[in-house]
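Nothing here was measured: the structure is a model prediction, and the numbers come from that model. In the text below, chain A, chain B and the rest are named by the order of the sequence lines, each starting its count at 1.
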Protein chains: 2
Amino acid sequence: MTTDSLIKALDAAEAHCLERGEKLTPVRKRVLELVLEADGPVKAYDLLEALKPGPGSAKPPTVYRALDFLMTAGLVHKVEALNAFVGCSHAHDDGGAELYICSDCGNVEERHGAPLPMNAPAGFVIQRSVVEHFGQCANCRTG
Amino acid sequence: MTTDSLIKALDAAEAHCLERGEKLTPVRKRVLELVLEADGPVKAYDLLEALKPGPGSAKPPTVYRALDFLMTAGLVHKVEALNAFVGCSHAHDDGGAELYICSDCGNVEERHGAPLPMNAPAGFVIQRSVVEHFGQCANCRTG
DNA sequence: TCCGGGATGTTATAATATCACGCTCTCGGT
DNA sequence: ACCGAGAGCGTGATATTATAACATCCCGGA
Ligand SMILES: [Zn+2]
Ligand SMILES: [Zn+2]
Ligand SMILES: [Zn+2]
Ligand SMILES: [Zn+2]
């Protein structure tokens with residue numbers, strides 16, 4: 001991600017939060033920036049390390065609170081199978097997305113509108129879905 | 001799960017392992033039994049507690065090694081979003097399954113043959129999929 | 001018998017995540 | 001201006017989940 005598009009994404013995120021009546025505070029913005037800068041899923045404690053050079057603080061609750069906020073706002077997704085986090089460029093309020101994660105290069109593609117549950121049990125009402133596909137992206141196969 | 005069907009499941013699991021040229025040792029069998037007995041996803045450290053009255057030991061590696069074996073054999077699945085484990089009654093060697101997990105009663109239904117990825121990125125080759133749906137089962141909705 | 005590898009036991013530690021408490025803002029109401 | 005409520009955050013401690021590293025046991029084949 002280029003510096004320009006990063007700045008744009010952060011501005012868009014700020015606007016998105018304001019629409020929701022919430023504040024993208026400096027800590028939250030910095031965490032989002034770190035997640036977006038990363039070229040793949042990023043671990044909470046790596047974010048913690050990256051925050052440390054900052055103004056003194058940086059303890060686990062700081063980063064987990066920021067991540068919780070960002071996930072609720074739809075700006076970040078958790079990759080459950082990796083205990084890691086990825087930025088979301090779609091800013092969709094519902095938490096659901098399909099993630100395609102390349103095991104070789106770490107690149108993550110996001111898709112929406114899963115049509116799936118043809119084979120849900122009768123009467124089962126889905127509230128939240130976790131869909132994560134691991135494999136190789138086109139680049140890593142041919143490269 | 002009744003005692004009878006539990007015994008049958010364990011016998012079937014033993015046969016399944018033998019077909020694969022592997023051994024369902026006492027520790028592994030006991031862990032599988034505990035997972036199958038549970039009425040929902042079960043945590044590794046709960047298994048650990050349950051093992052302790054048993055033959056002496058029970059340290060984390062014991063249960064994690066047993067769970068790794070059982071997952072590879074297709075006898076147990078990990079619910080990634082819960083860091084918990086469920087028994088599998090299908091004994092399918094491929095790791096993939098769709099799990100429908102009731103957030104109220106903990107019941108887990110498993111489905112296979114997901115046709116999904118209509119919307120995978122071009123050229124992406126899926127090696128492993130995690131599909132977990134959380135919500136309410138029919139019983140808990142009407143109850 | 002002797003060796004070799006799989007399985008297990010054992011000790012320690014790493015990695016991930018949350019709790020509990022208190023401080024400081026800011027914002028409205030008075 | 002004063003107060004009180006609530007959000008955000010700092011801080012220390014702790015809970016939860018998982019693995020590393022090495023020793024030991026056991027069983028089957030040479
Ligand atoms: Zn998204
Ligand atoms: Zn790739
Ligand atoms: Zn299964
Ligand atoms: Zn239910």
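- Checked against side chain to side chain donor-acceptor pair (under 3.5 Å), R141(B) has no partners two or more places apart in sequence or in another chain.
- Atom CG of L70(B) and atom C1' of dA7(C) are 14 Å apart (whole Å).
- Rounded to whole angstrom, the span from the CG atom of L24(B) across to the C1' atom of dG6(C) amounts to 15 Å.
- Contacts of K78(B) classified as salt bridge (Lys or Arg N to Asp or Glu O under 4.0 Å), with partners at least two apart in sequence or in another chain: none.
- Distance, L67(B) CG to dT8(C) P: 12 Å, rounded to whole Å.
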With B for base contact, S for sugar-phosphate-only contact and - for none (protein heavy atoms under 4.0 Å), nucleotides 14-27 of chain D reads ---BBBB-------
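- Listed by chain and residue number, Y100(B) satisfy the ring pair (Phe, Tyr, Trp, His ring centres under 6.0 Å) test with F124(A) (two or more places apart in sequence, or in another chain).
- Note on E14(A) versus K8(A): no salt bridge recorded, every NZ/NE/NH1/NH2 to OD/OE distance being 4.0 Å or above.
- Summarising the geometry, the separation between CD on E49(A) and P on dT16(C) is reported as 12 Å, rounded to the nearest angstrom.
- Under the salt bridge (Lys or Arg N to Asp or Glu O under 4.0 Å) criterion, E19(B) pairs with no residue at all, not counting sequence neighbours.
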Contacts table for residues 34-43 of chain B: side-chain donor-acceptor under 3.5 angstrom, sequence neighbours left out:
unit_1, atom_1, unit_2, atom_2, d
K43(B), NZ, L82(B), O, 2.9

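- The nearest heavy atom of DNA chain C to D46(A) and to R28(B) marks one nucleotide each, and the one closer to the 5' end goes with R28(B).
- Look at NZ on K59(A): it is 5 Å from P on dG12(D), rounded to the nearest Å.
- Atom P of nucleotide dG5(C) and atom CD of E22(B) are separated by 18 Å, given to the nearest angstrom.
- Taking side-chain N and O atoms only, T62(B) has a distance below 4.0 Å to OP1 or OP2 of dG9(C).
- Atom CG of L51(B) and atom P of dT8(C) are 12 Å apart (whole Å).
- Straight-line distance from the CZ atom of R20(B) to the C1' atom of dG6(C): 16 Å, rounded to whole Å.
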